[in-house]
Structure formats: C-alpha cells, structure tokens
Amino acid sequence: MTKSEYLISSSHLELADTRLKKSERLKNVGQPIQLPGKALGIEVVGNTAWIAENTTVARSIDLVSGKTTKLYRGHQGPVSALALWHTDSRQILITGSWDKTIKLWDANTKDLISSTDAHSDFVKSLLVIPSANLLVSGSSDKLIRFWNLHVEQQPLQSAGSLSSHTRPVECLSSRVSENGDVELCTGDTMGIIRLWTLTYDDRRWTSSLKAEFNHHRTKISDLYLGSGQLWTASSDETVQVRNLYEAEKKPIPQPIQHSTAVRCLLPLYLTDLQEPYIMTGSGDFMRVYDVSSVDEPELLNEIDAHWHDITHIRLWMRELIDEKTKQKSVEPWIITTSLDSTIRRWRLSDLLVPKPKSTEPPASISPPQAKPGFSMSLEEEQELDELLDSD
C-alpha cells in the first residue's frame with residue numbers, strides 16, 4: 001500500500017466513524033422514516049409521499065404512519081425521477097429510470113399503463129404541466145423531450161424535443177400564464193439555465209429561447225420558476241434569484257453563500273403556503289431564510305438535520321382529523337430526504353424558531369455506496385456518484 005492509499009483509507013475510516021456517531025446522535029431527530037435505499041426523487045400529495053429509489057422501485061409512503069403502502073416494480077435500473085398526473089378518473093404515477101424508460105402506473109392499483117423507451121441514456125428529470133397535458137423529460141443524453149399525456153397511448157408518443165444543452169439536464173420547472181402561455185425552465189450540469197416559451201401546434205410542441213442565464217459556475221441542482229422570479233441552487237455553493245420581468249438597471253441580488261454544494265431548495269412563497277421563507281439543503285444542514293426582502297435575506301435557523309447530504313426538501317400540508325369533532329384541518333410540515341436513506345418530518349412552525357447551533361462540526365462529504373445486492377457496471381457506479389455526490 002502506498003502512502004497516499006494509506007492516507008485515503010485512514011480518512012475513510014475516520015469519516016465512517018464520524019458518520020456512525022452522528023447517525024446515533026440524530027437517530028430520532030425529525031421523526032425519521034428509514035428507507036431500504038436512497039431517495040432520488042420525491043413528490044408529496046396529501047399525506048402520501050411517492051419516492052423514486054436507487055433500488056429499482058418506486059414506493060408510496062403514508063407520511064403519518066411512516067409505512068410503505070405500495071411498491072411499483074418493473075424498472076431494470078435505479079428509479080431516478082418521478083412525477084404525478086391527475087386525470088378526471090384516476091391518479092397516474094410517472095417514473096423515469098437509468099434503464100432509459102418512462103413508465104406510467106395507476107397510482108392506486110399499481111397497474112402498469114405503459115412503458116416507453118424514452119431516451120438513449122439515463123432519465124434524470126420529469127415534469128408534468130397539467131393544464132397542457134404535457135410531460136417533459138430530461139436526460140443524460142442532453143435532450144429534453146415532450147410527450148402528450150393520454151392514458152390510452154401504448155406507449156407514449158414523442159411530441160417534440162430540445163437539443164440545445166451540451167450537458168445532462170438535471171432540473172426542470174415551468175409556469176403557465178393566465179392567458180395559457182407555457183414557459184419552461186431547464187438547467188444542466190454545466191450550470192447553464194435556459195428559459196423557453198412553448199407553443200403547441202398540430203400535436204407537436206415547439207420552443208423559442210426567451211432568456212439564458214450563466215450566473216452559476218457549475219451544476220444546477222434545483223430550480224423554481226414563479227411569480228416573476230427564478231430561484232436556483234448549485235454545486236457552486238450558492239442559492240441565487242433572478243427577477244425576470246423587472247428593469248435591467250435594478251441591482252441583481254447577491255448570492256446566498258453556503259459552505260458546501262447546495263443540493264436543494266424550497267421557496268415557500270412559490271407554494272400554496274405563500275410564506276416569505278426559503279429553505280436550503282447544503283451538506284447535512286437545512287437552513288431557513290426570511291426573504292421578505294429578497295435583496296437582504298436573513299438566516300433564521302440552521303438545523304443539523306441528517307448525517308449525510310440532504311437531497312430534497314418538500315412542503316407537506318399535513319391533513320389532520322380531530323378524533324372528537326371529526327373536523328379536518330391542515331398543518332404545514334417540511335419533508336427532507338437524504339443520502340442517509342431516511343425521510344424526516346419537521347413541523348414548519350418549529351423550524352422558524354432559531355435554536356442554539358450545534359458545537360459539533362459537520363461531517364465531510366463522501367461518495368455514497370450502492371445498495372448491497374444490486375449489481376451495477378463500472379459506468380453505472382460512476383454515474384451514481386455523479387448523480388448523488390457533489391461535483
């Protein structure tokens with residue numbers, strides 16, 4: 001063993017010991033739900049979370065009990081993205097995978113509706129635009145594809161594509177104006193963000209470039225489009241916002257700096273809650289900012305939330321029923337997922353109250369390991385590192 005190999009091995013042992021100690025300290029923090037694998041995607045509706053896992057399955061989980069309610073089996077590789085589509089008659093789960101397919105499932109019965117060979121490389125992102133009955137997919141093949149959503153289609157039929165990105169497309173977001181105009185925002189692993197106007201004609205979608213942004217130095221890990229603003233998170237350790245429709249002379253807000261790559265964010269005022277807060281996931285920590293003034297965001301709280309990197313943050317409008325009166329109510333909670341293979345549940349009102357900061361330093365980031373028993377090629381293992389680890 002060379003000296004460098006010995007130092008690396010020692011470092012890995014120290015890191016493993018640090019994470020083991022931290023996992024014990026945080027084992028009951030955030031009401032954790034243990035998963036068999038790592039969550040590569042999540043959607044929350046009502047009291048149910050749908051999870052895309054690196055174990056080749058998607059699952060639905062009752063967020064109140066923490067129990068798995070359904071498993072969707074059929075992919076031949078990690079399920080890397082998912083979305084939900086609500087029709088008049090049923091709820092459709094849409095999943096994308098490293099096996100390069102997109103599958104549609106009846107969310108209630110688990111029946112497979114269709115399977116489509118969608119891309120020439122891993123499917124990285126999925127987005128449903130309900131009012132347009134449009135599914136958008138992004139991939140490691142650098143393409144963005146459009147699919148008209150009709151349940152009776154076997155399989156999905158392509159309705160157009162975009163080929164302007166030169167790196168894998170990680171992130172998708174959209175907005176539909178009051179007059180029905182559709183805007184699509186796309187972000188790739190090079191840090192390039194593009195805003196498109198979509199037009200539908202003769203069953204095909206075409207796009208025209210409206211704006212391009214290159215204010216991040218590297219990979220776009222999350223983005224949100226709405227209310228005239230574009231919020232983005234990046235591996236360059238920043239969260240940034242751009243006002244899309246204001247005069248160019250107005251100063252651009254300063255980046256919100258973090259100490260490590262930012263994997264995810266949640267602007268609460270772009271959700272149904274419409275509160276002036278954003279939440280970010282950087283390393284093991286979740287941070288809460290008051291953005292009443294976008295130009296001067298205020299850090300309200302920093303939560304040592306997981307013992308490995310946080311990968312997603314979602315709003316959960318928890319549905320409650322009073323046992324005595326049977327009255328229904330809703331309480332806002334926050335859901336986080338992590339490379340520590342847990343989902344954690346946080347009451348929003350608790351997160352808005354600052355707590356003393358932990359004196360223990362955060363653990364370093366290490367490449368995640370594939371789940372035992374699932375065999376991947378060297379190429380797939382390298383892609384999993386790129387998908388889950390910091391650039």
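FYI, side chains are in, hydrogens and waters are out, and symmetry mates aren't considered; it's all heavy atoms of this structure. Here the structure is a predicted model, which means the values were calculated and not measured.
- Between the side chain of Thr218 and the backbone N or O of Asp236 there is no donor-acceptor pair closer than 3.5 Å.
- In this structure, the side chain of Arg345 engages the main chain of Leu63 through a donor-acceptor pair within 3.5 Å.
- Under a 4.0 Å N-O distance rule, the pair Asp304/Lys22 qualifies as a salt bridge.
- A heavy-atom distance below 4.5 Å is not found between the side chains of Thr232 and Arg242.
- By the salt bridge (charged side-chain N to carboxylate O under 4.0 Å, His left out) test, Arg175 is found to be paired with Glu183, residues two or more places apart in sequence or in another chain being considered.
- Each salt bridge (charged side-chain N to carboxylate O under 4.0 Å, His left out) pair with one or both residues in residues 65-77, not counting sequence neighbours, would appear here, but there are none.
- Contacts classified as salt bridge (charged side-chain N to carboxylate O under 4.0 Å, His left out) and involving residues 44-65 (residues at least two apart or in different chains) are given here: Glu53-Arg59.
- Every residue two or more places apart in sequence or in another chain that forms a salt bridge (charged side-chain N to carboxylate O under 4.0 Å, His left out) with Arg347 is listed here: Glu331, Asp350.
- The hydrophobic cluster containing Ile144, built from Ile/Leu/Val/Met/Phe/Trp/Tyr side-chain heavy atoms closer than 4.5 Å, also comprises Leu127, Ile129, Leu134, Val136, Phe146, Leu162, Val169, Leu172, Val176, Val182, Leu184, Trp196, Leu198, Tyr200, Trp205, Leu209.
- In terms of the salt bridge (charged side-chain N to carboxylate O under 4.0 Å, His left out) criterion, Asp181 has no residue partners (sequence neighbours excluded).
- Applying the ring-ring contact (aromatic ring centres under 6.0 Å, His included) rule to pairs touching residues 20-47 yields nothing, sequence neighbours excluded.
- Every residue two or more places apart in sequence or in another chain that forms a salt bridge (charged side-chain N to carboxylate O under 4.0 Å, His left out) with Glu24 is listed here: Lys27.
- Screening residues 220-231 for salt bridge (charged side-chain N to carboxylate O under 4.0 Å, His left out), with sequence neighbours left out, gives no hits.
- Residues Thr55 and Leu35 form no side-chain contact, since every pair of their non-hydrogen atoms from C-beta on lies 4.5 Å or further apart.
- A search for ring-ring contact (aromatic ring centres under 6.0 Å, His included) contacts involving Trp105 returns Tyr72, not counting sequence neighbours.
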Sequence neighbours excluded and cut-off under 3.5 Å, please list the side-chain donor-acceptor pairs for residues 270-280, or say none.
residue: Thr271; atom: OG1; partner: Leu268; partner atom: O; Å: 2.5
residue: Thr271; atom: OG1; partner: Leu273; partner atom: N; Å: 3.2
residue: Thr280; atom: OG1; partner: His258; partner atom: NE2; Å: 2.9

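- Residue pairs meeting the ring-ring contact (aromatic ring centres under 6.0 Å, His included) criterion with at least one partner in residues 327-350, sequence neighbours excluded, are Trp316-Trp333.
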